[in-house]
Amino acid sequence: MLKKTAIEKISQLAAVLMEKGTLLAPVKEVSGHNFAEINDPQKVDLSFYNTIMSPKGAFFPHKEDFVKYKIGKPLSEAEPAVLNLKPAFLFGVRPCDVKSFEIMDIHFDAAGIIDPYWRFRREATTIFGYAYDLNQPVDSADFYNTLGIYAADPEGSDIFMVKKDKELLLKAITKKGENLLSELAVLKDGSAADEKYFTEYVNKGKEYKTRFMTLDQEAIAKKLEDIFDNTDFWTKMSAACLSCGICTFVCPTCYCFDICDDTLFGKGTRRRVWDACMFTDFTLEASGHNPRTQVYQRLRQKISHKYSYHIRKYGVISCVGCGRCTRYCPVNIDIYSIVEAALKA
Amino acid sequence: MQNSYLPQKAVIEDIIQESPDTKTFTLSLSGDKADSILKYKPGQFLMLSLPGYGEAPFTFASLPDPNGGFQISVRRIGALTKALHTLKIKAIVGVRGPYGNTFPLAKMKHKDLLFVAGGCGIAPLRSLIQYALKQRKAYGKIEIIYGCRTPKDRFYKEEMELWEKNKDTQTHLTVDEPDPTWHGERGVVCVLFPKIKLNPKTSFVFLCGPAIMIKFAIRDLLKLGFREENIYASLERHMQCGTGKCGHCYIKDKYVCRDGPNFSYSEMKQLEIES
């Protein structure tokens with residue numbers, strides 16, 4: 001099923017989706033675009049390259065409340081936080097970011113203990129993937145081709161969208177997407193020419209080239225194990241690193257978190273918040289023992305986790321080549337170059 | 001689906017002052033999840049929490065009592081443990097678990113057992129010592145080496161005297177800083193190794209203590225001929241979730257909270273542990 005709408009009428013589609021549930025879509029902020037819960041349909045803005053923050057927050061928010069309690073009251077009166085499980089629509093996700101959800105599913109939903117927050121949000125959400133604009137230049141930080149992902153891959157989306165001049169084509173990819181699309185009367189039916197355009201666009205996406213190197217999972221996993229003790233290499237790679245952690249916060253596949261208690265005037269919440277392996281106190285134990293005090297150890301942990309340990313544990317690289325960590329690193333550390341250098345080390 | 005992040009309540013039934021900075025708490029459990037927690041095996045741990053002070057991992061320091069309780073020993077060292085130390089009997093705490101792996105309980109049967117503990121490292125080993133002594137005839141000789149900073153820092157004093165009453169069961173003690181009451185050995189745990197009478201080729205060794213103690217104790221044990229695949233250490237890492245999700249305790253592709261915390265030296269070598 002293929003539907004379409006004029007891009008200038010996107011707020012009408014947004015309004016309909018808001019009636020059906022929670023709409024998360026790109027909005028323009030001071031320094032760029034980000035996904036946000038939409039309260040005003042006019043705010044949805046598709047004139048972005050990619051969002052600053054990855055869309056992982058839709059399923060794994062920066063802060064997730066577990067329990068609410070009152071200090072001095074018995075624990076039995078503590079209340080588990082209630083999840084808002086209205087249907088949700090995650091609108092305008094780039095193909096590399098869509099791929100990140102599958103990688104995160106393995107960790108949160110298939111590795112023994114299931115994370116209920118991730119699973120419930122994932123089940124309640126319909127994903128509108130959105131092809132990169134093939135007429136715009138590729139950002140030099142991107143390297144999703146290296147991870148086998150292309151600019152217009154519809155896999156993983158429930159509905160996949162491509163831009164056709166001033167129109168937006170929406171194609172149902174899954175049953176969930178098809179059910180939703182058939183309910184959206186605000187959309188017009190696509191023509192045979194639109195179908196042809198969509199198929200050609202998906203194919204043309206393969207020619208839209210990001211940075212690329214041939215990467216064999218087994219080879220890079222083994223190589224990073226072999227150079228674990230090459231302190232010179234890791235010291236050189238991390239020489240500029242400020243341990244600021246921005247690479248992990250913008251990353252669509254970084255999932256480390258802290259569980260902490262916040263209290264204010266006697267009311268408390270136990271919640272999880274994003275944490276980062278790049279922080280000095282990430283591995284600090286109460287005893288004062290800290291196994292990773294050095295910045296080279298922490299950068300080695302981050303790179304090796306994504307390109308070696310994750311392969312050993314789950315069989316996939318924990319990176320989609322979205323380029324965010326490179327784009328937003330204040331000292332221009334580039335994960336792609338580190339992986340490239342590691343292979344030659 | 002069970003939400004493994006939510007704690008259930010446990011009641012403090014007894015508090016024993018083990019040393020100036022450590023208390024042993026006896027906790028009782030009731031409710032639906034009590035049975036699943038009480039099925040824990042030696043070496044496993046739980047996450048204990050207090051509203052307003054957060055959560056931290058503690059290894060079970062005893063075998064479970066079939067009437068619905070267990071013990072943990074807690075050193076006063078951070079915000080949560082300081083708060084725990086102020087609690088009185090009948091106070092309620094949050095618990096979830098059990099987490100982590102156990103020791104090689106099947107393989108160690110009929111073998112000689114050596115336990116090496118440093119400081120509060122005796123607590124995680126106590127459940128395994130109790131487990132072995134409960135079926136004393138199923139094992140060969142048992143020796144327990146225990147080192148702490150001062151004589152006052154020794155835990156489980158009376159219980160250790162009872163351990164020694166078992167046939168072929170010996171404890172060896174040492175302290176770093178003796179006081180006038182102390183007439184025993186002085187120095188790190190390794191100074192006691194010449195006293196070991198077990199056959200190193202076939203014995204199983206269990207270590208718990210500071211990272212530096214584990215490192216040097218293993219070095220010396222290997223020199224004495226103990227086999228690396230039979231040496232087990234209970235490792236400590238910063239943990240937040242206990243379920244392999246939060247990322248804090250990773251050492252390479254192993255999660256200390258799920259794949260450990262108990263590793264054989266053969267496994268530890270693969271991990272090239274940062275210390």
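Each chain gets a letter, A, B and so on, in the order its sequence line appears, and its residues count up from 1. Only this structure's heavy atoms are used, side chains among them; waters, hydrogens and symmetry mates stay out.
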[atom1] of [X] to [atom2] of [Y]: how many Å apart, nearest 0.5 Å?
{"X": "Gln240(B)", "Y": "Cys256(A)", "atom1": "CD", "atom2": "SG", "answer": "10.5 Å"}
{"X": "Phe228(A)", "Y": "Lys252(B)", "atom1": "CZ", "atom2": "NZ", "answer": "5.0 Å"}
{"X": "Cys246(B)", "Y": "Asp115(A)", "atom1": "SG", "atom2": "CG", "answer": "11.5 Å"}
{"X": "Asp261(A)", "Y": "Glu55(B)", "atom1": "CG", "atom2": "CD", "answer": "7.5 Å"}
{"X": "His310(A)", "Y": "Tyr250(B)", "atom1": "NE2", "atom2": "OH", "answer": "8.0 Å"}
{"X": "Ile113(A)", "Y": "Tyr99(B)", "atom1": "CD1", "atom2": "OH", "answer": "6.5 Å"}

Counting only heavy atoms closer than 4.5 Å, note whether [X] contacts chain B via side chain, backbone, both or neither.
{"X": "Thr269(A)", "result": "neither"}
{"X": "Phe108(A)", "result": "both"}
{"X": "His107(A)", "result": "both"}
{"X": "Asp275(A)", "result": "side chain"}
{"X": "Phe66(A)", "result": "both"}
{"X": "Ile71(A)", "result": "side chain"}
{"X": "Gln294(A)", "result": "neither"}

Going through the distances and angles, do His248(B) and Phe282(A) end up as a ring pair (Phe, Tyr, Trp, His ring centres under 6.0 Å)?
CA-CA 7 Å; His248(B) 285 83; Phe282(A) 184 73; 4.0 Å; yes
Interface residue of largest heavy-atom contact number with chain B, from Ala78(A), Gly268(A), Ser287(A), under 4.5 Å:
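Of Ala78(A), Gly268(A), Ser287(A), Ser287(A) has the most heavy-atom pairs under 4.5 Å with chain B.
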Winner by heavy-atom pair count (cut-off under 4.5 Å) against chain B, out of Glu225(A), Arg272(A), His305(A), Glu285(A)
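Max contact count across the listed options: Glu285(A).
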Tell me the closest heavy-atom pair linking Asn3(B) and Tyr117(A), and the distance in Å.
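Nearest pair, atom of Asn3(B) first, then Tyr117(A): ND2-OH, 2.9 Å.
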Shortest non-hydrogen contact between Leu6(B) and Pro80(A), atoms and distance:
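Minimum heavy-atom contact is CD1-CB, 3.9 Å.
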Which atoms of [X] come close to chain A, meaning under 4.5 Å heavy atom to heavy atom: side chain ones, backbone ones, both, or neither?
{"X": "Arg258(B)", "value": "side chain"}
{"X": "Pro7(B)", "value": "side chain"}
{"X": "Leu50(B)", "value": "backbone"}

Going by distance alone, is a donor N or O of one side chain under 3.5 Å from an acceptor N or O of the other, for Thr283(A) and Arg237(B)?
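There is no such pair (donor and acceptor under 3.5 Å, judged by atom type) between the side chains of Thr283(A) and Arg237(B).
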Among the options Lys245(B), Arg75(B), Gln8(B), Met239(B), pick out the one with the most heavy-atom pairs lying under 4.5 Å from chain A.
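Top count of heavy-atom pairs under 4.5 Å with chain A: Lys245(B).
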Could you check which of Ser4(B), Ser49(B), Ala79(B), Cys120(B) has the highest count of heavy-atom pairs closer than 4.5 Å to chain A?
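Going by pairs under 4.5 Å, I would pick Ser49(B).
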NZ/Lys223(A): more than 12 non-hydrogen atoms of other groups inside 6.0 Å:
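Enclosed.
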Look at atom CD of Glu79(A) and say whether more than 12 heavy atoms of other residues, nucleotides or ligands are closer to it than 6.0 Å.
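At most 12 heavy atoms, drawn from other residues, nucleotides or ligands, come within 6.0 Å of this atom.
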Between Tyr5(B) and Val67(A) (side chain of the first, backbone of the second, donor and acceptor by atom type, cut-off under 3.5 Å), is there such a pair?
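Checked: no pair found.
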Lys313(A) charged N/C atom sitting above Tyr255(B) aromatic ring, 6.0 Å / 45°:
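Yes, Lys313(A) lies over the aromatic ring of Tyr255(B).
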